[in-house]
Each structure stands twice: as structure tokens, then as C-alpha cells.
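The shown structure was predicted, so the numbers you read here are calculated from the model rather than taken from an experiment.
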Amino acid sequence: MGDLTQAIILIVSLLLLLSMGVWVAIVLVACGMISLMLFADSPAGIIFATKAWDSAASWSLTALPLFIWMGEILYRTRLAEDMFKGLGPWLQRLPGRLVHVNTVGCGIFAAVSGSSAATAATIGRISLPELKSRGYDEGISIGSLAGAGTLGLLIPPSIVMIVYAVAAQVSIIKLFIAGILPGIMMIFLFSGYIALWSLRNPGGIPKEIEEITLREKLYRLRLLLPVVLLIAGVIGSIYAGIATATEAAVIGVIGSLIIAGVGRSLNWKSFSASLMGAVRTSCMISFILIGASFLTSAMSFTGMPSNLASWIASLNLSPYALIAALTVFFILLGAFLDGISLIVLTTSVLMPTILAAGIDPIWFGIYLILTVEMAQITPPIGFNLFVIQNITGKNLFELVKMALPFFWILVLATALVTIFPEIVMWMPNAM
């Protein structure tokens, strides 16, 4: 009854404070204080000071602000516009035509931004007006952007991957590499649905095709060269063992500054704006990590995580049944928390159970990110939906309806990586 009472009090406190608009980090600290004061005889102040230092003084976290800064720099360049021009001629003869630019463009930009919201916003502000002006159906255009925008979480270098790696104490590099094949799989699944939708709804896709010679197509490919070189520099250096995650992040920042400089979008105003944007986001994430670390430590003093792990183990659930139950749990929790908060809040508590069930923590990280992607396009806290609402001015419930098919594709992808874990583990094991 002690654990049940503690769980009820913490959940009620968490939801009450969040509904009042209190910052997530402060909510986590407050719940930790409540847990220690009511259920443990330990000095809350000393524990908080110790855990705040321990969670912040991590060398692995140095990659975080650098990758965030890289994405902020590229967000202010013409990269998305150049990608649309370079990809369009090659995709316009597929079923669905230029709608595929959303999925492929988001996949490419995700590999240099690390952020789901930044990916959806950057590609959306270029592709949606262009698709609308050419007569493409708004439902498939906006829905595909909402779904493909989530690739910013899955395709490395991903900010939430770094957060999970630090929280779960696993290799950032292996987690990055593990996300490559699932990310490519997601691009094919999204594009496959677009093709099927266009065959069933031919009226939603214009029939006109821009006639472009092969020479012109090849010439336009030069517009993709900067981002291809940047991806090769960042991901290639990691996979080849040349650079650590932090060193690869430095390569990414230097490369993004060169791209911005060559594209003439680098000036003092854009430089300072990107730097301050990276500082704000990094501080927000670090504050949440401190709060989550303190809450996790507070709960460990009460014995709740170990008792929870023992209780789940006593149920004798198969790994598949455990994953199915956790998927429902994460989808429900994702309706109230953003992705980073969800990961840091649950990882440390659930990790003993995951390890006891024989589940690889690298695989679990990719699985967890897929469930967080679902939360990005589900109300009421679907960040991608808010980003697209800001671009389109559409009603939130209308956007939810457009994004729903892509939510089910994410569910399918989660099932596939559960049934075939090699999709996630083949590349890290081959390193």
C-alpha cells in the first residue's frame, strides 16, 4: 500500500502542477521533494545539490548544445528551399509526386538538425505553400509533414537520443547508429502510404509534370551536395570511428557555419539568434535532466523503482506482452508530457525492469523514441501539430485527423522493430 499511495500522490501532484502551467523541470523537483518528505527520512536539500551536480557534470552532455546549435544555424539558411528544388524533379513521377518531398526532405534535414519541431517547421514553411499552389490535397500534404517531421527524433544526430543515452547510461554512438535503419524504414513506410493514397485518390494529386531534361535534373542535384557532405561528415566520422559524438558535433557546427556563409545567410543577427536559441534550448533540457535525476534519486530512496521492477517481474509477462503494455503506457503519458520529459522521467525508473526482462537498452531506446514520435502528433501536447498549426492556421482537431494515418504507421513501425529487432541492432552490432 505504501508504494501505491506514493504512486497516486506523485501522479496527482505531477498532473496538477502541469495543468497549472508550472515548468516541467520545477514540477519534477517538486515531486521529488514531496516523495522524500512524505516517504523517506533523507535530507532533500543535500540530495538535490548532489544530483544536480552529478546530472550536469557529464561529458556525454557536451554534444547536446553543439548539435542543437547546428540545427539552429541550418534552420536560418536556404537549405530546405534548395532541397525542395533538388529533390522535386526526381520524385515527381512517383505516385504522389511532390508530396514525397515532405518525407525525403524531412529525412535528410533530420540528419542535420536533431529536432522534430525544427524539421517540421523548416520543411513545412517551404513545401506546404508550394504544394498548395500546385493543387495538391491539403490532407495528405499536411499529414505527411506531421508524420515525417517526427523523423527529427529518430534519425541521428537526435537530441532525444543524447538525453536517453545519458539517462540510461548507454553509448550515444551506438544509439545514433541504431537509429539509421529504422529511420530509413520510416521514410519508405511514409512514402509507401503516400503512393497508395494517391492511387486511391487520384483527384488529390495534380497530373501536370514539370518537364525537365536529365541534364537539368543532374544540375539541380548540386543543391543537395552541402547537406550530403554535412551528413557524411557527422554520421560518417562516428561510424568510421574517427570521431566521438562530441567531436562529430563540432564537425557539424563548423560545416553548418560554412553552409550558412556560402549561402549568404550568415550575418551577425542570424549568428547571435542561432546561438541564443541553442542556449535557451540547452538550458531547458539541462534543467529537465536535473529535475528528473533528482526525482529518480528521491524515488530510489523510497524503494519504489525496485519494488515496481519486482512486481512486474512477478507477473511473468513475456517480452512481447511487456512491450505492448509499455506502448499503451507511453502513448497515454505522451498526451501530457513532451518527448524529453517523458524519456527522462521514465527511463531510470523502468530500466531495472527492462534489463530484468532481457531487453537490450539500445533497442529499447529506439523503441522508446518511436513511441515519443507518436506523442508528437497526438493531442493535447503534440509539438509537431502546434508547429504545423502555426504554419497553416488550421484547427488542431483538423490537423489530428490529417495526421492519424501516419500515427498508425508509427504503430506499425513499432511492431516491426519488436518482431524483428535486427532492424535496430544489426548496424550497432556490426560496428
Side-chain angles (χ1 to χ4, degrees), residues 2-65 68 159-170 172 246 278-310 330 333-334 336-355 361 365 368 372 381:
D3 287 333
L4 181 60
T5 303
Q6 182 185 0
I8 292 172
I9 290 175
L10 288 180
I11 291 171
V12 170
S13 301
L14 184 77
L15 295 178
L16 181 62
L17 290 171
L18 287 174
S19 65
M20 293 168 61
V22 180
W23 287 359
V24 172
I26 295 176
V27 171
L28 297 177
V29 172
C31 289
M33 291 288 185
I34 293 170
S35 182
L36 285 174
M37 288 188 294
L38 296 182
F39 301 99
D41 186 20
S42 304
I46 295 175
I47 294 172
F48 174 74
T50 304
K51 297 310 296 182
W53 172 259
D54 289 344
S55 61
S58 170
W59 178 249
S60 301
L61 279 176
T62 54
L64 184 67
I68 293 172
I159 305 305
V160 295
M161 279 187 182
I162 299 175
V163 172
Y164 171 81
V166 172
Q169 298 181 348
V170 298
I172 294 176
T246 303
V279 169
R280 282 192 296 269
T281 304
S282 301
C283 289
M284 178 269 291
I285 293 174
S286 298
F287 197 10
I288 291 174
L289 282 172
I290 289 172
S293 178
F294 173 62
L295 175 59
T296 303
S297 180
M299 287 193 296
S300 68
F301 274 92
T302 68
M304 182 179 171
S306 58
N307 292 339
L308 176 63
S310 300
F330 286 132
L333 199 59
F336 302 99
L337 291 174
D338 65 278
I340 292 173
S341 302
L342 189 152
I343 285 175
V344 296
L345 183 61
T346 59
T347 297
S348 300
V349 177
L350 291 174
M351 196 50 62
T353 303
I354 298 305
L355 295 175
L368 182 55
V372 170
I381 312 221

For the residue pair M33 and M37, establish whether any side-chain heavy-atom pair is separated by less than 4.5 Å. yes
Going by the rule side-chain hydrogen bond (donor to acceptor under 3.5 Å, both in side chains), which residues pair with S35 if we only count those two or more places apart in sequence or in a different chain? Q6
Output a table of donor-acceptor pairs, distance under 3.5 Å, between side-chain atoms of residues 20-28 and any protein atom two or more places apart or on a different chain; print 'none' if there are none.
none

For L38, enumerate each residue passing the side-chain contact (heavy atoms from CB on, under 4.5 Å) test, keeping only those at least two apart in sequence or located in another chain. I9, I34
Mind checking what makes side-chain contact (heavy atoms from CB on, under 4.5 Å) contact with A167, not counting sequence neighbours? T347
Any I343 side-chain heavy atom under 4.5 Å of F330 side chain: no
If I take atom CG from residue L36 and atom SG from residue C31, how far apart are they, to the nearest 0.5 angstrom? 11.5 Å
Measuring only between side-chain heavy atoms, which start at C-beta, is P361 closer than 4.5 Å to L355? yes
Minimal heavy-atom distance between L17 and A30, with the atoms involved, is CD1-CB, 3.9 Å
Going by ring-ring contact (aromatic ring centres under 6.0 Å, His included), name the residues that satisfy it together with F294, two or more places apart in sequence or in a different chain. F48
Going by side-chain contact (heavy atoms from CB on, under 4.5 Å), name the residues that satisfy it together with S282, two or more places apart in sequence or in a different chain. P65, I68
As an exercise, state the distance from OH of Y164 to CD1 of I172, rounded to the nearest 0.5 Å. 12.5 Å
